[in-house]
Amino acid sequence: QVQLVESGGGLVEPGGSLRLSCAVSGNIDSINAMGWFRQAPGKERELVVGTTSGLTTKYGDSVKGRFTMSSDSAKNSVYLQMNSLKPEDTAVYCCGAASRRVIGGSADVDYWGQGTQVTVSS
């Protein structure tokens with residue numbers, strides 16, 4: 001089993017920044033890919049960023065150039081740096097982990113965190 005715990009969400013004004021963290025524990029050796037997803041009220045879950053084969057990352061079109069995913073293996077954590085936030089970025093953000101080498105969508109994820117709320121509003 002793998003456990004994921006997100007933190008770092010909150011309320012931020014448009015144009016502001018937030019950094020989300022996802023702490024990973026458990027059978028970490030079974031994980032080959034990580035990703036961040038978000039779900040806004042009344043909308044389907046959306047891939048924000050996911051790792052792909054070759055250890056590259058793929059960002060959703062709506063966040064390209066504004067969001068950056070990173071990791072710290074020593075801390076067993078992945079991060080999502082979000083800059084130039086917009087009201088439409090408001091959602092619950094979840095990290096996901098997979099035993100496969102690609103996360104291209106929700107169906108690829110084996111383990112989910114509980115999510116952290118991000119609200120962008122003035």
Side-chain angles (χ1 to χ4, degrees):
Q1 283 290 335
V2 173
Q3 294 79 41
L4 307 174
V5 179
E6 300 95 337
S7 60
L11 173 65
V12 62
E13 293 186 348
S17 298
L18 278 177
R19 187 193 193 208
L20 305 183
S21 299
C22 175
V24 186
S25 62
N27 189 14
I28 295 174
D29 290 342
S30 68
I31 298 173
N32 288 298
M34 295 289 299
W36 285 94
F37 294 76
R38 67 185 183 186
Q39 187 166 19
K43 294 187 177 181
E44 293 190 357
R45 184 178 287 164
E46 173 190 16
L47 175 67
V48 176
V49 57
T51 56
T52 65
S53 58
L55 301 181
T56 59
T57 53
K58 181 178 180 180
Y59 293 87
D61 289 340
S62 62
V63 306
K64 282 181 182 176
R66 299 189 297 123
F67 291 12
T68 303
M69 178 177 174
S70 62
S71 64
D72 185 337
S73 58
K75 295 183 178 180
N76 292 330
S77 294
V78 294
Y79 306 98
L80 184 66
Q81 178 67 43
M82 305 185 295
N83 299 327
S84 302
L85 283 161
K86 306 175 182 180
E88 51 264 42
D89 293 319
T90 295
V92 174
Y93 284 72
C94 295
C95 61
S99 57
R100 63 188 67 193
R101 292 190 175 276
V102 176
I103 287 185
S106 299
D108 295 326
V109 175
D110 298 307
Y111 306 98
W112 292 99
Q114 83 289 349
T116 184
Q117 176 70 46
V118 172
T119 303
V120 185
S121 175
S122 55

Chemist: For Val63 and Val49, run side-chain contact (heavy atoms from CB on, under 4.5 Å): C-alpha distance rounded to whole Å, both residues' side-chain angles, the deciding distance at 0.1 Å, then the answer.
Modeler: CA-CA 9 Å; Val63 306; Val49 57; 5.7 Å; no
Chemist: Under the disulfide (SG to SG under 2.5 Å) definition, can you give me all pairs with a residue in residues 66-106, not counting sequence neighbours?
Modeler: Cys22-Cys95
Chemist: Do Ser77 and Asp72 have side-chain atoms, one donor and one acceptor, less than 3.5 Å apart?
Modeler: no
Chemist: Shared ILVMFWY cluster between Val5 and Val78, side chains joined below 4.5 angstrom?
Modeler: no
Chemist: Begin with the C-alpha distance, continue with both residues' side-chain angles, and end with the deciding distance and a verdict on side-chain contact (heavy atoms from CB on, under 4.5 Å) for Leu47 and Lys58.
Modeler: CA-CA 9 Å; Leu47 175 67; Lys58 181 178 180 180; 5.7 Å; no
Chemist: Are the side chain of Ser122 and the backbone of Glu13 linked by a donor-acceptor contact shorter than 3.5 Å?
Modeler: no
Chemist: Answer yes or no: are there more than 12 heavy-atom neighbours, outside Glu44 itself, under 6.0 Å from its atom CD?
Modeler: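 Not buried by this count: 12 neighbours or fewer within 6.0 Å.
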Chemist: Using the salt bridge (charged side-chain N to carboxylate O under 4.0 Å, His left out) criterion, which residues pair with Arg45? Sequence neighbours excluded.
Modeler: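 Listed in chain order: nothing, the list is empty.
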Chemist: Give a yes or no on whether the backbone of Thr57 and the side-chain of Thr51 come within a donor-acceptor separation of less than 3.5 Å.
Modeler: no
Chemist: Could you check whether any side-chain N or O of Arg66 sits under 3.5 Å from a backbone N or O of Ser84, counting only pairs where one atom can act as donor and the other as acceptor?
Modeler: yes
Chemist: Which atom pair, heavy atoms only, marks the closest approach of Ala91 to Ala40?
Modeler: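 Looks like CB-N, 3.8 Å.
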Chemist: Do Met82 and Tyr93 touch side chain to side chain, with heavy atoms closer than 4.5 Å?
Modeler: yes
Chemist: Measuring from Arg19:CZ to Tyr79:OH, what's the distance to the nearest 0.5 Å?
Modeler: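 OH of Tyr79 is found 5.5 Å from CZ of Arg19.
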Chemist: May I ask you to check whether Arg38 and Ser62 show a side-chain donor-acceptor distance below 3.5 Å?
Modeler: yes
Chemist: Please check if Val24 and Val102 belong to a single hydrophobic cluster, counting links between Ile, Leu, Val, Met, Phe, Trp and Tyr side chain heavy atoms closer than 4.5 Å.
Modeler: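 In one cluster: no.
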Chemist: Would you give me the side-chain donor-acceptor pairs under 3.5 Å for residues 103-111, sequence neighbours excluded?
Modeler:
residue	atom	partner	partner atom	Å
Asp108	OD1	Arg100	NH1	3.0
Asp108	OD2	Gly104	N	2.7
Asp108	OD2	Gly105	N	3.2
Asp110	OD2	Ser99	N	2.7
Asp110	OD2	Ser99	OG	3.0

Chemist: Establish whether Leu85 and Leu11 are linked, either directly or via other cluster members, by ILVMFWY side-chain heavy-atom contacts under 4.5 Å.
Modeler: no
Chemist: Any chance you could lay out the side-chain contact (heavy atoms from CB on, under 4.5 Å) test for Ser7 and Leu20, step after step, and finish with the verdict?
Modeler: CA-CA 6 Å; Ser7 60; Leu20 305 183; over 6 Å; no
Chemist: How about Met34 and Leu4: do any of their side-chain heavy atoms sit closer than 4.5 Å?
Modeler: yes
Chemist: Flag yes if Val118 and Tyr59 sit in one hydrophobic cluster, no otherwise; membership is Ile, Leu, Val, Met, Phe, Trp, Tyr, and two members link when side-chain heavy atoms are under 4.5 Å apart.
Modeler: yes
Chemist: Would you please classify the geometry between the Phe37 ring and the Trp112 ring as parallel, tilted or perpendicular, with 30° and 60° separating the classes?
Modeler: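 Taking Phe37 first and then Trp112, their aromatic rings stand perpendicular (interplane angle over 60°).
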Chemist: Quick one: which of Thr116, Leu80, Val92 gives a side-chain contact (heavy atoms from CB on, under 4.5 Å) with Glu6?
Modeler: Thr116
Chemist: Hey, any chance Val12 and Val48 share a hydrophobic cluster, counting ILVMFWY side chains that come within less than 4.5 Å of each other, even indirectly?
Modeler: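 Cluster IDs for Val12 and Val48 match.
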Chemist: So do Ser121 and Pro87 actually touch side chain to side chain, heavy atoms under 4.5 Å?
Modeler: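 Result no, sub-4.5 Å side-chain heavy-atom pair not found.
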Chemist: I'd like to know if Lys64 pairs up with Asp61 as an ion pair, taking the criterion as any Lys NZ or Arg NE/NH1/NH2 lying under 4.0 Å from an Asp or Glu carboxylate oxygen.
Modeler: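 Yes, this pair counts.
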Chemist: If I compare all heavy atoms of Ser17 with all of Gln81, which pair ends up nearest, and what's the gap?
Modeler: CB-NE2, 3.9 Å
Chemist: Ser30 and Asn27: which non-hydrogen atoms are nearest, and at how many Å?
Modeler: OG-O, 2.6 Å
